[in-house]
Amino acid sequence: MTKLKPPVEKNTYYDVTFEDLTHDGAGVAKIEGFPIFVQNGLPDEKAKIKITKVKKGYGYGRLIELYEESRYRVDAPCPIYRECGGCQLQHVSYEGQLIAKQKQVQGVLTRIGKLQDVEVHPVLGMENPWRYRNKAQVPVADREGGLVAGFYQQRSHEIIDMEACLIQQEKNDMVVQTVKTICEKYGIQAYDEKNNKGVLRHIMARYGLVSGEVMVVLITRTKKIPNKDNIISDIIGRLPEVKSIVQNVNHKQTNVIFGDETNVLWGEEYIYDSIGDIRFAISARSFYQVNPEQTKVLYDKALEYAGLTGNETVIDAYCGIGTISLFLAQKAKKVYGVEIVPEAIEDAKRNAALNDIHNAEFAVGEAEVVIPNWYKNGVKADVIVVDPPRKGCDEALLQTILNMKPKKVVYVSCNPATLARDLRILEDGGYATTEVQPVDMFPHTVHCEAVAKLILK
Ligand code: SAH
């Protein structure tokens, strides 16, 4: 098939109507069927656009003038919304965001998963969708003798100072500002990315919403922190809710945040928090869902889809610190959790003990390696829950599920596209996807979480 010549040229103007929103929040307009992606355009809006780039099968444009606004368009409340890029949907009302996310999940299930009539429920959103994040990771830079802590300006390495982030717990904003001021007072130099010099790279704050406990992590280039003892005593003096101060050393010239070495500088190695009836110890490097209120909603849905009666053997793949595992363990005979980060598995074991849960067993390793081994050794699950990172499940894991044939699979996903891809493989292997429930874990961003329920046909 020969590709048609693109019907548009760079630097020309068009009047268009946006038809759709991409997974990264751009408006989609079609000119003679040729898709043009335009930042800030919303479905049903009529606008004048300028073509900025033309590729083989699609192009990009810039919004020049809006003729007709979407009923879901609002003014972004955050003053740094455009510069920051951490949120992508603040110009859409919350109602509009939830509708867009449901459509997105439905769309990829049909397009990528070839699942025509799976029921995708309306997205479960938050009553108050602001100030929800329990973790802040803020880059630091030197500026005119002082420190700035904020965010990378979009498409640049410039760090912009930020006093408040509207999706961040206020406590975290306050902790970051205070730690920055203290480090400044003791003359700590910020990391200089270009020359790989300086000390402080990032300040991380983690807040237990239920416990009120705070962890501060200083991510530094060097192990030595000048005036370390003064900094610590100022932090604990000014922030009594801090229970743990941790250092992570990352000496590499990279934009990866964390290095391999983690040391407790003061207090506990972890902070505590609770979701529902279960208490969790969380250490600096472990994955812990960033929106605790919605995490409860998500896990309750996963538990409901698992439909446990108390006699089941369950596997929780990609278990992190054992959060879903321990939720499941209350209703199952036995739960096996597997996770690749050793510290997270240590946390998971501690969390089981902390909650007096004795029917959960945890292993460190790749789910796609550990679960086939369990299967070889006679472990046969009635229900498998998977909660993989954005890239989805490894094929070897999906194949093991198809061999093991659990009656149910519950798929918790933070990326609808890989969810759709993996559901297709499970469908082809004998499972039916009966329903999908998106849960809004990340209001005002394009990120979209969903739980799918599959049963063995
Ligand atoms: N279910 C947990 C964690 C989900 S995030 C929760 O809700 O908190 C995904 C987890 O998968 C992360 O903890 C990550 O470290 C882990 N992971 C990534 N690749 C993996 C693999 N191949 N095998 C096992 N775990 C993996």
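Note that ligands are numbered from 1 as they come in the structure, with each ligand's atoms numbered from 1 the same way. Just so it is clear, the model here is predicted, and its values are computed rather than measured.
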Exercise. Specify whether Tyr94 and His444 have parallel, tilted or perpendicular ring planes, treating 30° as the upper limit for parallel and 60° as the lower limit for perpendicular.
Key: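 Plane angle between 30° and 60°, so tilted.
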Please list, one pair per line, the donor and acceptor atoms closer than 3.5 Å that link side chains of residues 317-329 to other protein atoms, with sequence neighbours excluded.
| from | atom 1 | to | atom 2 | distance (Å) |
| --- | --- | --- | --- | --- |
| Thr323 | OG1 | Tyr299 | OH | 3.0 |
| Ser325 | OG | Asp316 | OD2 | 2.6 |

Quiz item: Does Asp20 have any salt bridge (Lys or Arg N to Asp or Glu O under 4.0 Å) partners at least two apart in sequence or in another chain, and if so, which?
Solution: none
Practice problem: Sequence neighbours left out, what passes salt bridge (Lys or Arg N to Asp or Glu O under 4.0 Å) with Lys228? Give chain and number order. | Solution: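 Lys228 satisfies salt bridge (Lys or Arg N to Asp or Glu O under 4.0 Å) with no other residue.
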Self-check item: Tyr336 six-ring centre to Lys334 NZ/CZ under 6.0 Å and within 45° of normal
Solution: yes
Quiz item: Using a threshold of 4.0 angstrom between heavy atoms of the protein and any atom of ligand 1, which residues qualify?
Solution: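 Residue list for ligand 1: Phe287, Gln289, Tyr299, Tyr318, Cys319, Gly320, Thr323, Ile324, Glu339, Ile340, Val341, Gly365, Glu366, Ala367, Glu368, Asp387, Pro389.
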Self-check item: Glu261, CD atom: more than 12 neighbouring heavy atoms under 6.0 Å
Solution: yes
